[in-house]
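Keep in mind that this is a model prediction, so the values were computed, not measured. Letters go in sequence order (proteins before strands), and every chain restarts at 1.
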There are 2 protein chains.
Amino acid sequence: MSIQARRERERAEREKLIVTAARELVETEGWDAVTTRRLAEEVEYSQPVLYSHFKGKDAIMAAVALEGFADLATELRAAAPSGLAAVATAYTSFAERRPALYDAMFSQAVDLPFASPATPAALHAGFDALSDAIRPHVGDDDLGLLTETFWAALHGLATLTRGGRLPRDAHDERLTILLSRFTT
Amino acid sequence: MSIQARRERERAEREKLIVTAARELVETEGWDAVTTRRLAEEVEYSQPVLYSHFKGKDAIMAAVALEGFADLATELRAAAPSGLAAVATAYTSFAERRPALYDAMFSQAVDLPFASPATPAALHAGFDALSDAIRPHVGDDDLGLLTETFWAALHGLATLTRGGRLPRDAHDERLTILLSRFTT
DNA sequence: ACAACGTTCCTAGCGTTGCTAGATCTGGAG
DNA sequence: CTCCAGATCTAGCAACGCTAGGAACGTTGT
């Protein structure tokens, strides 16, 4: 019994190692640097071990994205006591500071279940933080739908800015406009 | 003179053929089907001719994206007389009906110059249509910044819905909320 | 009309990608 | 100490974007 337990523990540790390495790689060198060969070299194992842990490269990036959601939730929660404006700033700041991770969360990993019973806790946590912050301004609208709408607006600002579609220097003004329209 | 003109005309026609083929391919079979080999087969030429017209695959997709912007601008202009709500619906409807094309416009083609003197007319046209529709509700805000913000919100709704991040059936309610916050 | 030319185009191939089958090695059990 | 099972690696596949080199074409000058 004990030896099997040790093996499973080692396996779990190695899985964590893979995800961490993938995350560091994508954050420091960007998405293109994350290849299965490079990642295998980074964790000092051969390529096939990656596939004994994950179904494929997409699954690895989904795991990275999940960690990203956990981080985002933490940052949003920290900003929550300061009000909606602080949360909105925290959100776009996160996307700006960790663009590759944000990409993994919203552009790459399609396999994560959203808005369903199987939705991981980390996703719920971030959504709830946003929801709490916007509750004072809910008015006659449904809180869940209002949160989704506001989230979408933040996400739009973040991605369009990242892609060079919106000039970066006017970001604060746009955020101010958005907040003025969503606060009562 | 005439024979060179004919050659240039044929070249232009073939370039158009390539972009059209790429566009049909991406709209019918999705992004993964667009490979240089497949595209070359589709236009009945060998791969290298693609590179005599475009710098690389990215440039081809940028050309496809540009056509997408022209289409979007047309649809937005058509909806403009009916007011902001109609324009907003037209926008998200476009993203919903042609998801792969919308991806090309906003996720893939990074080479297109936005918000700069070199911005192609098709991009300006769509932005202007949105701008005209929102002008009646500008209030004390800057029209350009307000347009950008509203555009970002629509884009966020479109992309999050497309990625399965937002349940599709409540889309209309979210759009209603957004409009209620952006109309005065 | 014909040969030489320049351009256009294709065949073939390079390096890299995600992923996998078969060989090899390791570590626990009898 | 030997054997077996499971874990791990080496080697390779098919497909990718892209490019060099030569063949084939149409144009031009004699």
Side-chain angles (χ1 to χ4, degrees), chain A residues 1-19 21-23 25-26 28-65 100 103-104 107-111, chain B residues 1-19 21-23 25-26 28-65 100 103-104 107-111:
Chain A
M1 197 56 134
S2 160
I3 124 170
Q4 175 136 1
R6 191 210 67 209
R7 280 194 173 152
E8 285 176 10
R9 195 174 57 240
E10 286 175 349
R11 238 190 109 71
E13 278 172 16
R14 195 173 59 180
E15 188 157 318
K16 186 79 183 166
L17 181 68
I18 292 172
V19 177
R23 176 175 171 162
L25 203 50
V26 78
T28 54
E29 301 190 34
W31 189 258
D32 290 349
V34 184
T35 69
T36 57
R37 281 172 177 76
R38 178 72 192 278
L39 186 53
E41 185 186 355
E42 215 74 34
V43 298
E44 296 179 316
Y45 281 94
S46 66
Q47 280 179 282
V49 304
L50 303 179
Y51 293 89
S52 75
H53 286 273
F54 300 94
K55 201 181 62 185
K57 192 190 170 187
D58 288 355
I60 298 178
M61 292 322 297
V64 172
D103 281 351
S107 303
Q108 308 280 353
V110 189
D111 302 5
Chain B
M1 195 60 131
S2 162
I3 125 169
Q4 175 140 0
R6 191 208 67 209
R7 280 194 174 152
E8 285 177 9
R9 196 174 55 241
E10 287 175 348
R11 238 191 109 71
E13 278 172 16
R14 197 174 58 180
E15 188 158 318
K16 186 81 182 166
L17 180 68
I18 292 171
V19 176
R23 176 176 170 162
L25 202 51
V26 78
T28 54
E29 301 191 34
W31 191 258
D32 289 349
V34 184
T35 70
T36 57
R37 283 171 176 78
R38 178 72 191 279
L39 186 54
E41 185 186 355
E42 215 74 35
V43 298
E44 295 178 317
Y45 281 94
S46 67
Q47 281 180 282
V49 304
L50 303 179
Y51 293 89
S52 76
H53 286 273
F54 300 94
K55 203 181 61 184
K57 191 189 171 187
D58 289 355
I60 298 177
M61 291 323 297
V64 172
D103 281 351
S107 303
Q108 309 280 353
V110 191
D111 301 6

When the distance from [atom1] of [X] to [atom2] of [N] is rounded to whole Å, what number comes out?
{"X": "A/F54", "N": "C/dT20", "atom1": "CZ", "atom2": "C1'", "answer": "18 Å"}
{"X": "A/E41", "N": "D/dT8", "atom1": "CD", "atom2": "C1'", "answer": "17 Å"}
{"X": "B/L50", "N": "D/dC18", "atom1": "CG", "atom2": "P", "answer": "10 Å"}
{"X": "A/R38", "N": "C/dT16", "atom1": "CZ", "atom2": "P", "answer": "13 Å"}
{"X": "A/W31", "N": "C/dT17", "atom1": "CH2", "atom2": "C1'", "answer": "14 Å"}
{"X": "A/E13", "N": "D/dA7", "atom1": "CD", "atom2": "P", "answer": "16 Å"}
{"X": "A/E10", "N": "C/dT26", "atom1": "CD", "atom2": "P", "answer": "16 Å"}
{"X": "A/Y45", "N": "C/dT26", "atom1": "OH", "atom2": "P", "answer": "14 Å"}

Go through [options] for me and flag the one nearest to the [X] side chain.
{"X": "A/T36", "options": "C/dG18, D/dT8, C/dA21", "value": "C/dG18"}
{"X": "A/K57", "options": "C/dC9, D/dT19, C/dG18", "value": "C/dG18"}
{"X": "B/Y51", "options": "D/dC9, C/dG18, D/dT19", "value": "D/dT19"}

When you look at A/I18 and A/Y45, which way does the side-chain contact (heavy atoms from CB on, under 4.5 Å) test go after all the steps? CA-CA 10 Å; A/I18 292 172; A/Y45 281 94; over 6 Å; no
Would you check, one step at a time, whether the test side-chain contact (heavy atoms from CB on, under 4.5 Å) holds for A/D58 with A/M61? CA-CA 5 Å; A/D58 288 355; A/M61 292 322 297; 5.8 Å; no
Which heavy atom of A/L39 sits nearest to which heavy atom of A/A22, and what is that distance? CD1-N, 3.5 Å
Categorize [X] for me: base, sugar-phosphate, or nothing, with a 4.0 angstrom heavy-atom threshold over every strand shown.
{"X": "A/R14", "result": "sugar-phosphate"}
{"X": "A/T35", "result": "sugar-phosphate"}
{"X": "B/R11", "result": "nothing"}

Between A/E44 and A/R37, name the one whose nearest nucleotide on DNA chain D is closer to the 5' end. A/E44
Is it true that A/E41 and A/R37 have a side-chain N and a carboxylate O under 4.0 angstrom from each other? no
Ion pair A/E42/A/R38, N-O distance below 4.0 Å: yes
Is B/Q47 side chain donor-acceptor paired with the C/dC10 base, going by distance under 3.5 Å alone? no
